[in-house]
Participant: 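Just passing along the structure, written as structure tokens.
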Amino acid sequence: MTKSIKTSWIEKRNTYPERIVQFGEGNFLRGFVDWQVDRMNKTAGFRSSVVIVQPRANGTVSKLNDQDGLYTLFLQGLKNGSAIREHTVIEAISRGIDPYKEYGEYIKLAENPELRFIVSNTTEAGIAFAPDDKLTDSPQSSFPGKLTALLYHRYQYFNGSKEKGVIIIPCELIDRNGDELKKIVLTFASLWNLGGEFTNWLEEYNVFCSSLVDRIVPGYPKDSISEITEELGYEDRLVVVGEQYHLWVIEGPAWLKAELPVEEAGLNTLIVDDMTPFRSRKVRILNGAHTAMTPISYLCNKETVGEAMLDGQIGEFVRELIFNEIIPTLDLPKAELTAYADEIMDRFLNPYITHYVMDISLNSISKFKTRDLPTLLEFVDRKEHLPQKLVFSLSALIFFYKGKRGNQQIMLRDDDSILTFFHEQWNTVDGSQSSMHTFVRNVLQEKMLWEQDLSELAGLADTITNHLMMMEHSGMRDALQACLVNTH
């Protein structure tokens with residue numbers, strides 16, 4: 001019988017004060033932030049533990065607690081020019097809390113005098129204002145609502161002490177994530193009538209840092225877990241796989257460098273005055289390409305990024321998308337952008353990484369709005385015509401939300417309101433060009449999806465209608481080939 005990671009490792013670990021509260025228990029945070037905390041603990045005397053807060057009711061902190069917060073991280077890919085595959089046990093997490101079952105334990109985190117950092121990754125859809133949230137909820141439905149309640153309890157418990165403010169570093173891939181989160185927290189403070197002194201405490205003694213994260217973390221290696229278990233000699237239900245490359249850009253005050261010993265730990269984490277150039281490059285190129293290729297790849301029966309990039313048509317599409325449509329909308333030096341894009345293409349082809357496109361598809365609508373729509377609009381503004389690859393990607397995304405791959409049901413993962421909208425709208429399409437055009441206009445006009453009326457863009461509705469008609473009657477593969485031929 002294979003022993004567990006808990007019984008194999010528990011006597012070896014160090015325990016440190018819970019100085020970090022983390023909203024989110026997913027693969028990315030465990031393969032990125034918690035790995036960095038572990039590195040700083042082991043090499044730079046950081047001496048900090050992470051306590052995980054499960055942001056959604058259907059999370060997995062129970063698995064984490066079953067393993068006493070321990071899990072194995074495999075990093076695979078190029079490191080200093082050589083192909084490296086290495087693993088380590090991450091010991092940084094002390095425990096996980098499900099606020100939907102243990103709200104008292106959750107709110108008690110605010111009473112910890114040593115709490116200093118709050119980090120999060122609740123997907124792009126997570127930093128959003130939920131007007132129905134109340135201070136008396138246990139818990140609030142939204143991440144910002146939960147955070148506001150936690151900060152208010154801390155303010156009350158320590159009588160507004162300026163020494164008990166915290167540093168908040170969200171990792172969600174939305175523009176100015178720290179600023180946006182702070183704005184929503186202040187909105188809740190006003191809506192809940194928490195008082196001017198609390199608002200002043202938030203403003204004066206808490207720091208909301210915008211940040212940018214960059215590491216491909218496919219997560220649990222379900223296809224090779226039996227071989228990994230044999231290699232490790234213990235069972236680990238929370239194994240995480242990630243690439244070697246990492247970058248974390250935190251926009252914050254210079255004194256933050258003294259509190260986060262990232263340099264001493266040899267981490268590629270930068271604390272800067274302005275993260276804008278880093279964000280534009282990364283979100284538009286890496287994340288934009290991932291989101292744009294996902295529905296096309298899946299509907300062409302490619303399950304992973306690597307498989308898709310090795311496919312002649314899809315690989316050509318992604319390269320042309322990046323170099324001909326995304327890069328022309330960015331203002332950094334072209335040589336720098338081209339070098340970064342070449343590096344991204346190599347990372348997509350990393351043979352060690354199995355990155356499932358369905359994992360990327362989570363909340364695809366908000367991802368497209370954040371990662372690809374700004375490029376599409378900027379391209380139109382600069383070139384005065386539509387970017388054909390991006391428009392095809394948007395068409396493929398809309399087709400993806402029909403929820404069918406041939407006769408197979410697609411397990412779409414998005415907000416219920418978005419899934420219901422697409423289900424109802426697709427039911428109005430009867431196969432005719434006119435019904436498809438009406439459907440497309442309804443989708444483009446829906447501000448719940450895009451926060452603007454995209455039907456006003458000249459030629460967009462007609463082009464998407466034509467793409468969807470071909471996808472519907474000839475399939476994604478033929479539609480993709482037609483796109484490639486027509487845009488050469």
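All values below come from the heavy atoms of this structure, side chains included, with hydrogens, waters and symmetry mates left out.
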Participant: Taking atom types as modelled and ignoring hydrogens, do the side chains of Ser94 and Glu18 form a donor-acceptor contact shorter than 3.5 angstrom?
Facilitator: yes

Participant: Regarding Glu243 and Arg215, does a basic nitrogen lie under 4.0 Å from an acidic carboxylate oxygen?
Facilitator: no

Participant: Looking just at side-chain N and O atoms, do Gln156 and Tyr152 make a donor-acceptor pair shorter than 3.5 Å?
Facilitator: yes

Participant: Would you say Gln67 and Ser4 are linked by a side-chain donor-acceptor pair, where the criterion is simply a distance under 3.5 Å?
Facilitator: no

Participant: Does the side chain of Tyr234 reach to within under 4.5 Å of the side chain of Asp236, using non-hydrogen atoms?
Facilitator: yes

Participant: Should the pair Lys63-Glu25 be classified as a salt bridge under the 4.0 Å nitrogen-to-oxygen rule?
Facilitator: no

Participant: Between Glu111 and His153, is there a side-chain donor-acceptor contact under 3.5 Å, judged purely by atom types and distance?
Facilitator: yes

Participant: For Asp414 and Tyr401, test the side chains for any donor-to-acceptor distance below 3.5 angstrom and give the result as yes or no.
Facilitator: yes

Participant: CG/Leu202 to OH/Tyr155 distance, rounded to the nearest 0.5 angstrom?
Facilitator: 9.5 Å

Participant: Distance from Thr294 atom OG1 to Tyr298 atom OH, nearest 0.5 Å?
Facilitator: 11.5 Å

Participant: Going by heavy atoms in the side chains, are Thr88 and Lys42 under 4.5 Å from each other?
Facilitator: yes

Participant: More than 12 foreign heavy atoms under 6.0 Å from CD of Glu451: is that the case here?
Facilitator: no

Participant: Thinking salt bridges, do Glu325 and Arg284 make one under a 4.0 Å N-O criterion?
Facilitator: no

Participant: Can you classify the ring geometry of Trp201 versus Phe198 as parallel (below 30°), tilted (30 to 60°) or perpendicular (above 60°)?
Facilitator: parallel

Participant: Can you tell me if Ser417 and Asp415 form a side-chain donor-acceptor pair at under 3.5 Å?
Facilitator: no

Participant: Inspect the contact between Lys389 and Glu320 and indicate whether a charged nitrogen and a carboxylate oxygen are less than 4.0 angstrom apart.
Facilitator: yes

Participant: Is it true that, when you exclude Met448 itself, more than 12 heavy atoms of the residues, nucleotides or ligands shown sit nearer than 6.0 Å to its CE?
Facilitator: yes

Participant: How long is the straight-line distance from CG of Leu390 back to CG of Leu377, given to the nearest 0.5 Å?
Facilitator: 10.0 Å

Participant: Report the relative orientation of the aromatic rings in Phe129 and Phe188; use parallel for angles under 30°, tilted for 30 to 60°, perpendicular for over 60°.
Facilitator: tilted

Participant: When you compare the side chains of Gln22 and Asp34, does any donor N or O come within less than 3.5 Å of an acceptor on the partner?
Facilitator: yes

Participant: With side-chain contact (heavy atoms from CB on, under 4.5 Å) as the test, pick out the partner of Val53 among Val61, Ile118, Leu109.
Facilitator: Leu109

Participant: Between Glu86 and Gln244, is any side-chain donor less than 3.5 angstrom from a side-chain acceptor?
Facilitator: yes

Participant: Atom OG1 of Thr60 and atom CG of Asp98: how far apart are they, to the nearest 0.5 Å?
Facilitator: 10.0 Å

Participant: Hey, are the side chains of Thr199 and Ser190 touching, using non-hydrogen atoms and a 4.5 Å cut-off?
Facilitator: no

Participant: Any ion pair linking Lys183 and Asp179 (charged N to carboxylate O, less than 4.0 Å)?
Facilitator: no

Participant: Would you call Cys171 and Val33 a side-chain contact if the rule is heavy atoms closer than 4.5 Å?
Facilitator: yes

Participant: Are side-chain heavy atoms of Met275 and Val272 found at a separation under 4.5 Å?
Facilitator: yes

Participant: For the atom pair NZ (Lys369) and CG (Leu394), what is the distance rounded to the nearest 0.5 Å?
Facilitator: 13.5 Å

Participant: Identify which one of Ile344, Ile327, Leu337, Asp331 satisfies the side-chain contact (heavy atoms from CB on, under 4.5 Å) criterion when paired with Arg281.
Facilitator: Leu337

Participant: Distance only, no hydrogens: is a donor on one side chain within 3.5 Å (strictly under) of an acceptor on the other, for Lys367 and Asn287?
Facilitator: no

Participant: Can you name the closest pair of heavy atoms from Arg279 and Ile174 and give their distance?
Facilitator: NH2-C, 3.1 Å

Participant: Any chance you could lay out the salt bridge (charged side-chain N to carboxylate O under 4.0 Å, His left out) test for Lys162 and Glu204, step after step, and finish with the verdict?
Facilitator: CA-CA 8 Å; Lys162 65 181 181 180; Glu204 294 294 325; over 6 Å; no

Participant: Using a 4.5 Å cut-off on heavy atoms from C-beta on, say whether the side chain of Arg116 contacts that of Ile167.
Facilitator: yes

Participant: Going by atom types only, do Thr148 and Trp192 share a side-chain donor-acceptor pair under 3.5 Å?
Facilitator: no

Participant: For Val207 versus Pro253, what's the shortest heavy-atom pair and its separation?
Facilitator: CG1-CD, 4.0 Å

Participant: Decide salt bridge (charged side-chain N to carboxylate O under 4.0 Å, His left out) for Glu251 and Arg176; before the verdict, give the C-alpha distance in whole Å, the side-chain angles of both, and the deciding distance to 0.1 Å.
Facilitator: CA-CA 9 Å; Glu251 186 177 291; Arg176 311 296 312 168; 2.5 Å; yes

Participant: Measure the shortest side-chain to side-chain distance between Thr229 and Ser226 over non-hydrogen atoms and say whether it is less than 4.5 angstrom.
Facilitator: no

Participant: Regarding Ser361 and Arg413, is there a side-chain donor-to-acceptor distance under 3.5 Å anywhere?
Facilitator: no

Participant: Can Thr269 and Gln36 be counted as having a side-chain donor-acceptor contact under 3.5 angstrom?
Facilitator: yes

Participant: Show your reasoning for whether salt bridge (charged side-chain N to carboxylate O under 4.0 Å, His left out) applies to Arg405 and Glu303.
Facilitator: CA-CA 12 Å; Arg405 183 170 72 170; Glu303 306 292 336; 3.0 Å; yes

Participant: Looking only at the side chains, is there a donor atom on one of Asn27 and Arg30 sitting less than 3.5 Å from an acceptor on the other?
Facilitator: yes

Participant: Does the pair Asp66/Arg237 count as a salt bridge with the N-to-O cut at 4.0 Å?
Facilitator: yes

Participant: Find the distance between CD (Glu180) and CZ (Phe208) and round it off to the nearest 0.5 Å.
Facilitator: 12.0 Å

Participant: Between Tyr340 and Leu286, is any pair of side-chain heavy atoms under 4.5 Å apart?
Facilitator: yes

Participant: Give the minimum heavy-atom separation between Ile296 and Ala396, together with the two atoms involved.
Facilitator: CG1-CB, 3.6 Å

Participant: Going by the rule salt bridge (charged side-chain N to carboxylate O under 4.0 Å, His left out), which residues pair with Glu264 if we only count those two or more places apart in sequence or in a different chain?
Facilitator: none

Participant: Look at atom CZ of Arg47 and say whether more than 12 heavy atoms of other residues, nucleotides or ligands are closer to it than 6.0 Å.
Facilitator: no

Participant: Ignoring hydrogens, what is the shortest heavy-atom contact between Ala289 and Leu321? Give both atom names and the distance.
Facilitator: CA-CD2, 4.3 Å

Participant: When you check the side-chain N and O atoms of Glu172 and Thr122, is any donor under 3.5 Å from an acceptor?
Facilitator: yes

Participant: Do Phe348 and His355 have ring centres separated by under 6.0 Å?
Facilitator: no

Participant: Can Glu105 and Arg95 be said to form a salt bridge (charged side-chain N to carboxylate O under 4.0 Å, His left out), step by step?
Facilitator: CA-CA 11 Å; Glu105 280 298 304; Arg95 60 189 169 124; 3.4 Å; yes

